[in-house]
Number of protein chains: 2
Amino acid sequence: MFERIERKGVADQIASSLREAIVGGRLRAGDALPSERELATRYEVNRSSVREALRRLEAWGLVEIRQGGATRVRDVLVSAGLQVLPYLIEPRGRVNRAIVRDLLELRAMFLAWCAQSAAERANATTVARLDRLAKALSEARSPSELQQLDYDFFETLVKSSGNRVLLLMANVVREVYMAHRERFVAMYADGAFDAEHHREAVAAIRARNPTAAAAAMRAHALAGIAAVEEIR
Amino acid sequence: MFERIERKGVADQIASSLREAIVGGRLRAGDALPSERELATRYEVNRSSVREALRRLEAWGLVEIRQGGATRVRDVLVSAGLQVLPYLIEPRGRVNRAIVRDLLELRAMFLAWCAQSAAERANATTVARLDRLAKALSEARSPSELQQLDYDFFETLVKSSGNRVLLLMANVVREVYMAHRERFVAMYADGAFDAEHHREAVAAIRARNPTAAAAAMRAHALAGIAAVEEIR
DNA sequence: GCCTTGCTACTGGTCGGACCACCGGACCGG
DNA sequence: CCGGTCCGGTGGTCCGACCAGTAGCAAGGC
């Protein structure tokens, strides 16, 4: 009880409706959307609200708006940004396993690369923070607690890589991951998770051994992928 | 004469103005923006236009809008998406070298990883396309031509990795890169570029040798970084 | 017959003014 | 001190009007 109450604005709902139509394939790339005035009539809302929804879709890279001409649907995989990921993962309520696997593969690449960068340039403060997280991971028991700590470890690693562009990517990934965190909790179920790789990585970073650090985090990520795949 | 006339909508200009204030640091994280009504008065435009601009900033992750409360500036590096990259690269007309280097480093990681994936799973069609691009790179002369071909090579590699999440990332990176392509043309000036690494990579992909493919593309990317750094 | 020109009916863009929903602080009574 | 109530200000939605740009069509010229 006391669960969060949904309160979405009109514009939000329209944006969601259109987004699902596009991502779900009911509207194809190149198709022209009805005019703003017609959408307003059909949804029985004001044109301003429709406009607001359309601007959001445009910011997501899902449609192309041109004054005087029709608003057209763009090809999702060619022009959409990372923000649409949550909707690709779960179109029509069913999880798209292939996309999840793609995401986890990228996670493996990022983890390994960040660990390598961290080993090359991390300072004592960062190493200490990673060390604390690794220790906490060794002691934590509940899967959700492990998941949170592991995510914190990931973020700390990204920050310690010192790459600000990667930081921006991580921001988007965080939103996606947090929205679907229960999908990935399987990676932390009894026995599926072992903090050994984290301890190894921290030791390697402290010893300034990039290769070993990368290998440890890659091993961790691959173990996670295996755990998720097994569950399904 | 008859040069192209700038035609940006009112909302666009307001969004740019506010974006620069935020990215440039004149508005700090946590600061409250003036109300929509006041912004409308100050800019001498309609409130609708201000709203449209604010929604765009929200989509970029630069501000947080809450009904009943003030619209507040968010921490760029904590919540912004990749879309703001162009403005981080060139705040106030001066190029931020550190960000450019971060971007090129990530490019190196992506290139290597894509080449590896491609070697593991590319089909004959893709290999043939990469082969054509590598040949064209060997023959092209002008830097801008080389740049375009190299970018095509990168995109083809991303597609052949088969990872759709990476594809979404590449979409955003493409917009950033294309907006600043002149900045990177130095990588392709006389003598700075050699198609040898591309030929190696294609050969390795065809031979299904992931390690060699990754090494070849990493070498190419590192050479590019060196060329850019030297110019400055 | 073909191309050009200009009209026209549509599209999105901006305007202003009104009212609703919501938040936070000031104020008041218990 | 606590809980309500009120009120000013904020964003959210609505309406109806006009401006600005596009695309297609139809009359005119070659």
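Keep in mind that the numbers below use all heavy atoms, side chains included, and drop hydrogens, waters and symmetry copies.
For DNA chain D, the residues of residues 45-53 of chain B within the heavy-atom distance limit of 4.0 Å (strictly under) are B:Arg47, B:Arg51, sorted by number.
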Task: Worked verdict on A:Met187 versus A:Gln147 for side chain to side chain contact (heavy atoms under 4.5 Å, CB included) - done: CA-CA 8 Å; A:Met187 291 194 284; A:Gln147 184 179 32; 6.0 Å; no

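Residues forming a side chain to side chain donor-acceptor pair (under 3.5 Å) with B:Glu38 (at least two apart in sequence, or on another chain): B:Arg42. Contacts of A:Gln148 classified as side chain to side chain donor-acceptor pair (under 3.5 Å), with partners at least two apart in sequence or in another chain: A:Asp152, A:Arg181. Under the salt bridge (Lys or Arg N to Asp or Glu O under 4.0 Å) criterion, A:Arg129 pairs with no residue, sequence neighbours left out. For A:Tyr87, the side chain to side chain donor-acceptor pair (under 3.5 Å) test picks out no residue, with sequence neighbours left out. Under the ring-ring contact (aromatic ring centres under 6.0 Å, His included) criterion, A:Phe193 pairs with A:Tyr188, A:His198, A:His220, sequence neighbours left out. The salt bridge (Lys or Arg N to Asp or Glu O under 4.0 Å) search around A:Asp75 returns none, not counting sequence neighbours. For B:Asp12, the side chain to side chain donor-acceptor pair (under 3.5 Å) criterion is met by B:Arg56, not counting sequence neighbours. Listed by chain and residue number, A:Ala32 satisfy the side-chain contact (heavy atoms from CB on, under 4.5 Å) test with A:Ala70 (two or more places apart in sequence, or in another chain).
Two residues, A:Arg66 and A:Glu44, neighbour DNA chain D, and the one matched to the more 5' nucleotide by heavy-atom proximity is A:Glu44.
Summarising the geometry, the separation between OH on A:Tyr43 and C1' on D:dC14 is reported as 18 Å, rounded to the nearest angstrom. Atom CD in B:Glu64 sits about 14 Å away from atom C1' in D:dT10, given to the nearest Å. One atom, CD of A:Glu36, and another, P of D:dT22, lie 15 Å apart when rounded to the nearest Å.
Within 4.0 Å (heavy atoms only), A:Arg37 reaches at least one base atom of the nucleic acid. Across all strands, A:Arg55 comes closer than 4.0 Å only to sugar-phosphate atoms, never to a base (heavy-atom distances).
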Show me the donor-acceptor pairs, under 3.5 Å and distance only, between side chains in residues 18-28 of chain B and residues at least two apart or in other chains.
residue, atom, partner, partner atom, Å
B:Arg19, NH2, B:Ser16, OG, 3.2

Could you pull out the protein-nucleic contacts involving nucleotides 6-9 of chain D (nitrogen or oxygen on both sides, under 3.5 Å)?
residue, atom, partner, partner atom, Å
D:dG9, N2, B:Gly68, O, 3.3

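Within the 3.5 Å criterion, the main-chain N or O of A:Ala80 finds a donor-acceptor partner in the side chain of B:Asn171.
Bracketed by its first and final contacts, the part of DNA chain C lying under 4.0 Å from non-hydrogen atoms of chain B reaches from C:dT14 to C:dG24 in 5' to 3' order.
Contact check, B:Thr71 against D:dG11: a side-chain N or O comes under 4.0 Å of OP1 or OP2.
Judged by atom type and distance alone, B:Gln67 reaches the base of D:dG11 through a side-chain donor-acceptor pair under 3.5 Å.
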